[in-house]
Amino acid sequence: MPDCLFCKITDNQIPSATVYEDDTVVAFRDVNPQAPLHVLVVPRAHVATLNDLQPEHDALVGAMFRVAAQIAREHGYAERGYRTVFNCNREAGQTVFHIHLHLLAGRGLAWPPG
Ligand code: DGP
């Protein structure tokens, strides 16, 4: 296992503002929020990028989206709207190489994204 920041957070070795956790995923507030609600949904299993996904991860990725929708709903954004984003590799802005689903809500979000 590489020295991985998000492995340490999901393993409680580094503290985070956790909003949800179960056996599969942990969701916590982004340290550098880009919207009033900015949560990262992170699998406990280490997968570096979307390019590393295997068929065995299909249920895991589905769970990540389901949890993001649940958190958005619990914070009152289900009807207003929200965005979910995976960044993959350098040109997309991925800086932590352990997949994570960004959940952004609480302001108008431009399209196309920057
Ligand atoms: P990305 O650029 O898609 O790899 O997103 C990584 C996000 O992780 C970025 O928005 C900032 C956030 N982040 C980096 N380090 C930490 C940390 O130590 N704690 C928390 N809560 N978020 C972090």
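Hydrogens, waters and symmetry mates are skipped; everything else that's a heavy atom, side chains included, is used. Each ligand, and each atom within it, is numbered from 1 in the order the structure gives. Note that the coordinates shown come from a computational prediction; the quantities given were computed from them, not determined experimentally.
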Within-shell test, [X] vs ligand 1, heavy atom, strictly < 4.0 Å:
X	value
L40	yes
G93	yes
H100	yes
I9	yes
F86	no

Any N or O on H38 sitting closer than 3.5 Å to an N or O of ligand 1?
no
Purely on distance, is any nitrogen or oxygen of R29 under 3.5 Å from one on ligand 1?
yes
Please work out, at 4.0 Å between heavy atoms, whether the side chain, the backbone, both, or neither of [X] comes within that distance of ligand 1.
X	value
F97	neither
V85	neither
N87	side chain

For atom 4 (O) of ligand 1, the protein heavy atom that lies nearest, with its residue and separation
T95 N, 2.7 Å
Protein residue, atom and distance nearest to atom 16 (C) of ligand 1, heavy-atom basis
V31 CG1, 3.6 Å
Best match, H102, K8, H98: closest heavy atom to atom 3 (O) of ligand 1:
H102
Can you check whether [Y]'s main-chain N or O pairs, donor with acceptor, with [X]'s side chain at less than 3.5 Å?
X	Y	result
E21	V26	no
R107	Q34	yes
Q70	A72	no
H57	Q54	yes

Just wondering, are more than 12 heavy atoms of other shown residues or ligands nearer than 6.0 Å to CD in Q13?
yes
Can you tell me how the ring of H38 sits relative to the ring of H102, calling it parallel under 30°, perpendicular over 60° and tilted otherwise?
tilted
Identify, by atom number and element, the atoms of ligand 1 in contact range of [X], meaning under 4.0 Å from any of its heavy atoms.
X	answer
F6	8 (O)
D30	7 (C), 8 (O), 9 (C), 10 (O), 11 (C), 12 (C)
L5	15 (N), 16 (C), 18 (O)
F28	20 (C), 21 (N)

Are H98 and H100 an aromatic pair, judged by ring center distance below 6.0 Å?
no
Does the side chain of [Y] come within less than 4.5 Å of [X]'s, by heavy atoms?
X	Y	result
K8	D3	yes
D11	R44	no
V25	Y20	yes

Rounding to 0.5 Å, atoms OH (Y82) and NE2 (H75) come to a distance of 13.0 Å
